[in-house]
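Take a look at the structure set out below.
Each ligand, and each atom within it, is numbered from 1 in the order the structure gives. Starting from 1, each residue takes its place in the sequence as its number. Small disclaimer: the values here were computed from a predicted structure and weren't measured.
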Amino acid sequence: MARARSSSSSSSGWRYCNPSYYLKRPKRLALLFIAFVCVSLVVWDRQTLVSEHEVEISKLNEEAMKLRSLVEEYKSKHGDVVERHEDGDSSKKAALPVDPIDDERREKVKEAMLHAWSSYEKYAWGNDELQPQTRQGVNSFGGLGATLVDSLDTLYIMGLKEEFQRAREWVANTLDFDKDYEASVFETTIRVVGGLLSAYDLSEDKVFLEKARDIADRLLPAWNTPSGIPYNVINLARGNAHNPGWTGGNSILADSGTEQVEFIALSQRTGDPKYQQKAENVIAALNRTFPDDGLLPIYINPHSGASSYSAITFGAMGDSFYEYLLKVWIQGNKTAAVRPYREMWERSMKGFLTLIRRTTPSSFTYICEKNGHSLTDKMDELACFAPGMLAMGSFGYGPEESQKFLSLAEELAWTCYNFYQSTPTKLAGENYFFHSGQDMSVGTSWNILRPETVESLFYLWRLTGNKTYKEWGWNIFQAFEKNSRVESGYVGLKDVNSGVKDNMMQSFFLAETLKYLYLLFSPSSVISLDEWVFNTEAHPIRIVPRNDPMNLAKLDEQQKPTIKLRNRKAGRSRAGDH
Ligand code: DMJ
């Protein structure tokens, strides 16, 4: 019975689907038709509304972009100067008048950039670097357009719109990473990933983000090691990674610990946590056996994650590892999630103090290198990034420590400035030795247009407001103009004593040296340190809220946390919240 009832009720349901049912009942047919028309009208109305909103939103976005670039242009011309207060509290800001000398100097630096860029455009377009004396391009980074990508944000910040647009078209249409080339993971990250991300943050043009993701995906297999410490070289087309032969199979400290800012930013902007995880695993691995003085030798075994016997230095191969401990803390809004980075950095600063010595007779402060238990009285110009780092980091300490580190930063900047002033060309050599009673003497005597000293002068000016740093920067700029400017760009010197020129315009001259000099003479609101953090190649990355509850001490390959990433627009509105 039950079966018969259910089959009769289901057949009665099906009759509503049969057209003949309605043909026999015209009223119902009319009702059905009216219902259909009504539903169609509602759906059509919603769809039109949505597409009208989409058009409206994209128009508003365009308007917002135009307004933003007008504001930036206005700021850089008219000031709106703001300075960080002594205690580092960005909420206490004081307006300063615009200085006409600054304006003039900034224009001179912009003109230098235009000279460097137009020479590159003319003779080396799309190549990695320009050799100005022979007027030809050279592919020192595998043909990734290193100078072009490194220059994007400098062009944007200086308001060189047409130049930026031409470079953007090259990135969109010609830049190709599918190269059978053994690339340095470090150089490619800081120049190419960093350059593209910065161009994206400034312009909001998605093409830069897509390219940044493409190259980062090619670099990522380098982190597939037992310890998570990356191999430092990878073939961009094939993905096989290894370490350079001259390190005895070891990974280099700076090369392995200077991808965090870029890869965290990439995860934040793409919503894909894998980049951040790979880069942060490195710090987690190093943190497990981090020494009390926070100083790590420059070689690390990528299999065990342990340090190999080698030098400790804030110069070549060590430098930016320490820089990024601090910068990830800043990038992470100095919140609890990034506290372990600050703790590691503060530990390293304890060790840093043990490397400090002073010369006689003039009492120049310098940073020694360390081999085993003994200190070597040698300092690379590369280590001149440290005054800027100390000045930035000093604001995270209590008043007494803060003053101590800021004073040390100022002393070291004076030494670095004297690396320049002590030579006949007024340009610094690559490294210096210190001898009792004789202050400093240049060791390796070339100058390859490096930025570290002007980088520190930029930070010290921004953070102390002391105009002396601008004067020092201006003197260094004039020495570059006098010795390094040639008809087709800028070159380094083979010897800062004789002034003999080399034949290379390093991409970091356009990415860093000229950018920091330009910003040194710009109002502090242009790329405010409250809103941006510079990667080690001077590419400003916008600070957005970091929401992942990542515990660095626990993080490793086996324990991957679920990272909740906010969408970028939501993040934007709170950028700068501390
Ligand atoms: C740049 O590529 C970066 O600043 C890096 O951290 C160190 N070396 C050069 C500039 O000297």
Side-chain angles (χ1 to χ4, degrees), residues 116 128-129 140-142 144-154 183-198 219 232 252-263 279 298 313-328 331 367 369 379-390 392 416 419-420 427-432 443-459 476 480 484 490-493 496 502 504-517 519 533-541:
D128 284 328
E129 286 174 314
S140 16
F141 297 96
L144 310 180
T147 295
L148 188 148
V149 177
D150 242 356
S151 299
L152 286 165
D153 52 5
T154 311
S184 156
V185 173
F186 164 75
E187 298 292 359
T188 313
T189 299
I190 66 170
R191 293 176 204 232
V192 182
V193 181
L196 291 168
L197 282 175
S198 189
L219 297 176
N232 297 157
I252 298 164
L253 179 63
D255 285 36
S256 308
T258 313
E259 288 87 8
Q260 288 65 30
V261 168
E262 295 81 358
F263 277 45
I298 53 173
T313 176
F314 278 75
M317 297 193 271
D319 47 8
S320 43
F321 162 70
Y322 304 102
E323 177 187 345
Y324 269 31
L325 291 180
L326 182 69
K327 286 188 171 172
V328 174
Q331 181 187 31
I367 313 163
E369 297 186 353
M379 180 173 161
D380 288 345
E381 193 280 340
L382 280 166
C384 286
F385 84 95
M389 176 185 73
L390 290 181
M392 254 191 300
C416 291
F419 287 173
Y420 285 73
L427 287 177
E430 180 71 356
N431 54 43
Y432 283 79
T444 305
S445 63
W446 69 57
N447 176 297
I448 57 167
L449 306 165
R450 286 198 191 279
E452 290 74 17
T453 299
V454 291
E455 171 184 346
S456 282
L457 299 181
F458 157 74
Y459 282 114
I476 292 174
F480 279 127
S484 293
Y490 287 82
V491 292
L493 301 184
V496 293
D502 71 14
M504 184 64 91
M505 187 169 79
Q506 304 280 342
S507 81
F508 51 66
F509 183 64
L510 294 86
E512 300 193 69
T513 314
L514 292 177
K515 186 189 288 137
Y516 283 129
L517 282 165
L519 292 174
V533 61
F534 288 86
N535 88 336
T536 194
E537 188 78 0
H539 296 305
I541 304 291

Minimal non-hydrogen separation, A386 against I367, with atom names: CB-CD1, 3.9 Å

Closest approach of L196 to V149 (non-hydrogen atoms, all atoms of both residues): CG-CG1, 3.9 Å

Check: R450 N/O within less than 3.5 Å of ligand 1 N/O: yes

Identity and separation of the nearest protein heavy atom to atom 6 (O) of ligand 1: T536 OG1, 2.8 Å

Heavy atom of the protein closest to atom 2 (O) of ligand 1 (residue, atom name, distance): E537 OE1, 2.6 Å

Residue pair E262 / T189, side-chain donor-acceptor N/O under 3.5 Å: no

One residue to check: [X]. Relative to ligand 1, which of side chain, backbone, both or neither has a non-hydrogen atom less than 4.0 Å away?
| X | answer |
| --- | --- |
| I190 | side chain |
| E323 | neither |
| L382 | side chain |

Within-4.5 Å side-chain heavy-atom neighbours: F186 and S320: yes

Y516 side chain near E452 side chain, heavy-atom distance below 4.5 Å: no

CA sep, side-chain torsions, deciding dist, call: R450, E430, salt bridge (charged side-chain N to carboxylate O under 4.0 Å, His left out): CA-CA 9 Å; R450 286 198 191 279; E430 180 71 356; 2.9 Å; yes

Heavy atom of R191, distance to ligand 1 below 4.0 Å: yes

Any E452 heavy atom less than 4.0 Å to ligand 1: yes

